[in-house]
Amino acid sequence: MARTQVGIIGAGPAGLLLSYLLHAEGIDAVVLEARSREYVERRVRAGVCEHPTVELLREIGVGARMDAEGLPHHGFSLRFDGEDHRIALSELTGKTIMVYGQQEIVKDLIAAHEAKGYPVEFEVSDVELSGLDSESPRVSYRDADGVARALECDVIAGCDGFHGVSRPSIPDVKVFNREYPFAWLGVLARTPPSHEELIYTHHERGFALHSMRSPEITRLYLQVPHDEKIDEWPDDRIWSELSARLVTSGEFSLREGPILDKSVTPMRSFVAEPMQYGRLFLAGDAAHIVPPTGAKGMNLAVADVRVLSRALVDLLQHKRSELAESYSDTCLKRVWRAEHFSWYMTSMLHTDPDGDDFQRRLQLSQLRYTASSKAAATSLAENYVGLPFE
Ligand code: RFL
Ligand code: PHB
């Protein structure tokens, strides 16, 4: 049977970054991924990297393309009552964020693995975990050719996202869950952004978000009902709904272009506690989900694996278990801060189909306060750019 120190399930941002951090410290790891390399490199998801994420990617030497092609942002707009209210991130916090697609980070990490010869196996299937409460847990799986394999490890890292096999392997896990009565329809369009910065729009027809990926590519989102079918949204309906929600008395006209990608994402908040069982450690979406309004999901995955890599270096190289034992408690503090922030952004900006006029007045009051009070704007900004790592 093959052996490695850390068996990592999933080649998303969490799994790839963990593997890279561990190898850099001389710890052996193997990443097992269900999908193909092309699939994970093309999956359109997050776009906003927090300040601590950007710094970490630079520090470990995988930030060069991000610095060359990413778009540093100093602020964003809250648009409501047809007007823009700028949240000046860098003036309020001294920090910026970077707009750089998650799949670009994934590509950069895969390329870095390839360059150094660190193993990532794509298109594996039938992944099963066993012996989690022993000192040599195992992963059994089929490789891309369908051949049955097994990997004996010192530790398994479950970085396999919300629908993975790792979390269900933990007995008696406590789950906190909230589903929202809406989803996001996300589109990627070949057209220059209509504004230099992101615009988070509160409108009675529903939330809309203007974002981007590059000077030529725009990323846009619309709040839609939670069970919405993508077929209900031909391209011309998407553009006319975006125009209706993004209206403003200021200068703005939405630039339309060919739609390259379209998907519907349900919105939920979810936390599994604890994030560890025996020699299995969960990280990223495998352990928690936030609605995307706060742009926190990928950044939380990064924060988890930073803590986990340090804990595993201590455990496997120095035989010290304190950091491993406190892994879940350490991560959950940041996780719950991000859960609260993401819930707050979501509740302030979306139109609740079951809400009443009282609730709508409260939302507007919160938006006006955030836009007009330096204290309120600073609180939003410091959460948005990312609180320092612990
Ligand atoms: P991932 O990226 O889901 O990766 C998990 C990987 O595990 C694989 N896998 C398995 N492999 C082997 N065996 C199995 N049994 C397996 N089961 C699953 C999967 O194929 C996959 O490759 O989780 P990870 O690494 O924890 O990363 C989390 C992020 O992907 C996620 O939080 C973000 O995309 C969330 N998110 C955003 N986060 C931000 O920080 N900023 C944003 O601006 C932002 N915007 C978004 C988002 C997510 C969105 N969607 C589509 C969910 C916008 C959207 C629309
Ligand atoms: C994105 O560009 O995909 C994006 C930006 C901000 C968010 C969520 C997603 O809050």
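As the structure is a computational prediction, the values presented were derived from the model and not from experiment. For ligands, and for the atoms within them, numbers begin at 1 and follow the listed sequence. Along the sequence shown, residues are numbered consecutively beginning with 1.
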Asker: Distances for all N or O pairs of ligand 2 and the protein under 3.5 Å?
Answerer:
unit_1   : atom_1 : unit_2 : atom_2 : d
ligand 2 : 2 (O)  : Ser211 : OG     : 2.6
ligand 2 : 2 (O)  : Arg213 : NH1    : 2.8
ligand 2 : 3 (O)  : Arg213 : NH2    : 2.8
ligand 2 : 3 (O)  : Tyr221 : OH     : 2.6
ligand 2 : 10 (O) : Tyr200 : OH     : 2.7
ligand 2 : 10 (O) : Pro292 : O      : 2.8
ligand 2 : 10 (O) : Thr293 : O      : 3.4

Asker: Of the choices Pro291, Ala295, Cys159, which has the non-hydrogen atom that lies closest to atom 41 (N) of ligand 1?
Answerer: Ala295

Asker: Find all atoms of ligand 1 within a distance of less than 4.0 Å from any non-hydrogen atom belonging to Val40, and give their numbers and elements.
Answerer: 22 (O)

Asker: Check whether any heavy atom of Glu50 sits under 4.0 Å from an atom of ligand 1.
Answerer: no

Asker: Of Ile8, Val40, Ile110, Asp108, which is the lone residue that meets side-chain contact (heavy atoms from CB on, under 4.5 Å) with Leu16?
Answerer: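 In the set Ile8, Val40, Ile110, Asp108, the residue that makes a side-chain contact (heavy atoms from CB on, under 4.5 Å) with Leu16 is Ile110.
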
Asker: For atom 18 (C) of ligand 1, grab the closest protein heavy atom and report residue, atom and distance to one decimal in Å.
Answerer: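 That would be Asp160 O, 3.1 Å.
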
Asker: Would you find more than 12 non-hydrogen atoms of other residues, nucleotides or ligands less than 6.0 Å from Arg310 atom CZ?
Answerer: no

Asker: I'd like to know if Lys229 pairs up with Glu232 as an ion pair, taking the criterion as any Lys NZ or Arg NE/NH1/NH2 lying under 4.0 Å from an Asp or Glu carboxylate oxygen.
Answerer: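 Between Glu232 and Lys229 there is no salt bridge, as every charged N stays at least 4.0 Å from the carboxylate O atoms.
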
Asker: Give the numbers and elements of all ligand 1 atoms closer than 4.0 Å to a heavy atom of Gly284.
Answerer: 26 (O)

Asker: In terms of residue, atom name and distance, what is the protein heavy atom nearest to atom 51 (C) of ligand 1?
Answerer: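 Answer for atom 51 (C) of ligand 1: Thr265 OG1, 3.4 Å.
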
Asker: Is it true that atom CD of Glu152 has more than 12 heavy atoms of other residues, nucleotides or ligands lying nearer than 6.0 Å?
Answerer: yes

Asker: Examine ligand 1 and decide if any of its atoms is less than 4.0 Å from a heavy atom belonging to Pro13.
Answerer: yes

Asker: Please state which protein non-hydrogen atom is closest to atom 26 (O) of ligand 1 and give its distance, to 0.1 Å?
Answerer: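 For this ligand atom, the closest protein heavy atom is Asp285 N, 2.8 Å.
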
Asker: Applying the side-chain contact (heavy atoms from CB on, under 4.5 Å) criterion to Arg167, which one of Leu280, Leu282, Asp285 satisfies it?
Answerer: Leu282

Asker: Would you say the side chains of Ser269 and Tyr180 form a donor-acceptor pair under 3.5 Å?
Answerer: yes

Asker: Check whether Phe358 forms a cation-pi arrangement with Arg361 (NZ or CZ under 6.0 Å from the six-membered ring centre, at most 45° off the ring normal).
Answerer: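 Arg361 over Phe358 ring: no.
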
Asker: For the residue pair Tyr141 / Glu121, report whether a side-chain donor-acceptor contact shorter than 3.5 Å exists.
Answerer: yes

Asker: From the options Leu222, Thr351, Leu209, select the one residue that forms a side-chain contact (heavy atoms from CB on, under 4.5 Å) with Arg245.
Answerer: Leu222

Asker: Which is it for Lys296 and ligand 1 at heavy atoms under 4.0 Å: side chain, backbone, both or neither?
Answerer: backbone

Asker: Among all the protein's non-hydrogen atoms, which is closest to atom 53 (C) of ligand 1, and how far away is it?
Answerer: Tyr221 OH, 3.6 Å

Asker: Minimum distance, heavy atoms only, to atom 1 (P) of ligand 1: which one of Gln103, Arg45, Met267 is it?
Answerer: Arg45

Asker: Under a 4.5 Å side-chain heavy-atom rule over Ile, Leu, Val, Met, Phe, Trp and Tyr, are Ile217 and Val187 clustered together?
Answerer: no

Asker: Of the protein's non-hydrogen atoms, which lies at the shortest distance from atom 25 (O) of ligand 1, and what is that distance?
Answerer: Ala14 N, 2.9 Å

Asker: Quick one: which ligand 1 atoms are inside 4.0 Å of a heavy atom on Gly164?
Answerer: 17 (N)

Asker: Starting from atom 20 (O) of ligand 1, what is the nearest protein heavy atom, named by residue and atom, and what distance separates them?
Answerer: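 Minimum-distance protein heavy atom for atom 20 (O) of ligand 1 reads Glu33 OE2, 2.6 Å.
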
Asker: To which protein heavy atom is atom 47 (C) of ligand 1 closest, and what is the distance rounded to 0.1 Å?
Answerer: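 That would be Ala46 CA, 3.7 Å.
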
Asker: Quick one: does NZ or CZ of Lys116 land under 6.0 Å from the six-membered ring centre of Tyr20, within 45 degrees of the ring axis?
Answerer: no

Asker: Kindly say whether the aromatic ring centers of His202 and Phe80 come within a distance under 6.0 Å.
Answerer: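 When the ring centroids of His202 and Phe80 are compared, they turn out to be at least 6.0 Å apart.
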
Asker: Quick one: does Gly15 get an N or O within less than 3.5 Å of an N or O on ligand 1?
Answerer: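 Gly15 vs ligand 1: no N/O contact under 3.5 Å.
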
Asker: Where the side chain of His23 meets the backbone of Asp28, is there a donor-acceptor pair that is under 3.5 Å apart?
Answerer: no

Asker: Establish whether Trp336 and Val305 are linked, either directly or via other cluster members, by ILVMFWY side-chain heavy-atom contacts under 4.5 Å.
Answerer: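 Linked, Trp336 and Val305 end up in one cluster.
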
Asker: If the cut-off is 4.0 Å to any non-hydrogen atom of Arg35, which atoms of ligand 1 fall inside it?
Answerer: 20 (O)

Asker: Can you name the atoms of ligand 1, numbered from 1 with element, that are less than 4.0 Å from a heavy atom of Gly47?
Answerer: 42 (C), 43 (O)

Asker: Out of all atoms in ligand 1, which are within 4.0 Å of some heavy atom of Ile9? Include the element for each.
Answerer: 12 (C), 13 (N)

Asker: Do other residues, nucleotides or ligands put more than 12 heavy atoms under 6.0 Å from the CZ atom of Arg237?
Answerer: yes

Asker: Geometry only, no angles: is Gln102 polar-contacting ligand 1 at N/O separations under 3.5 Å?
Answerer: yes

Asker: In terms of residue, atom name and distance, what is the protein heavy atom nearest to atom 15 (N) of ligand 1?
Answerer: Val165 CG1, 3.7 Å

Asker: In sequence, state the C-alpha distance, the side-chain angles, and the governing distance for Asp154 and Arg3, and then conclude on salt bridge (charged side-chain N to carboxylate O under 4.0 Å, His left out).
Answerer: CA-CA 9 Å; Asp154 295 323; Arg3 242 207 86 74; 2.7 Å; yes

Asker: Would you mind listing which atoms of ligand 1 come within a distance below 4.0 Å of any non-hydrogen atom of Leu32?
Answerer: 11 (N), 12 (C)

Asker: Would you call Glu41 and Arg37 a salt bridge, using N to O less than 4.0 angstrom?
Answerer: yes

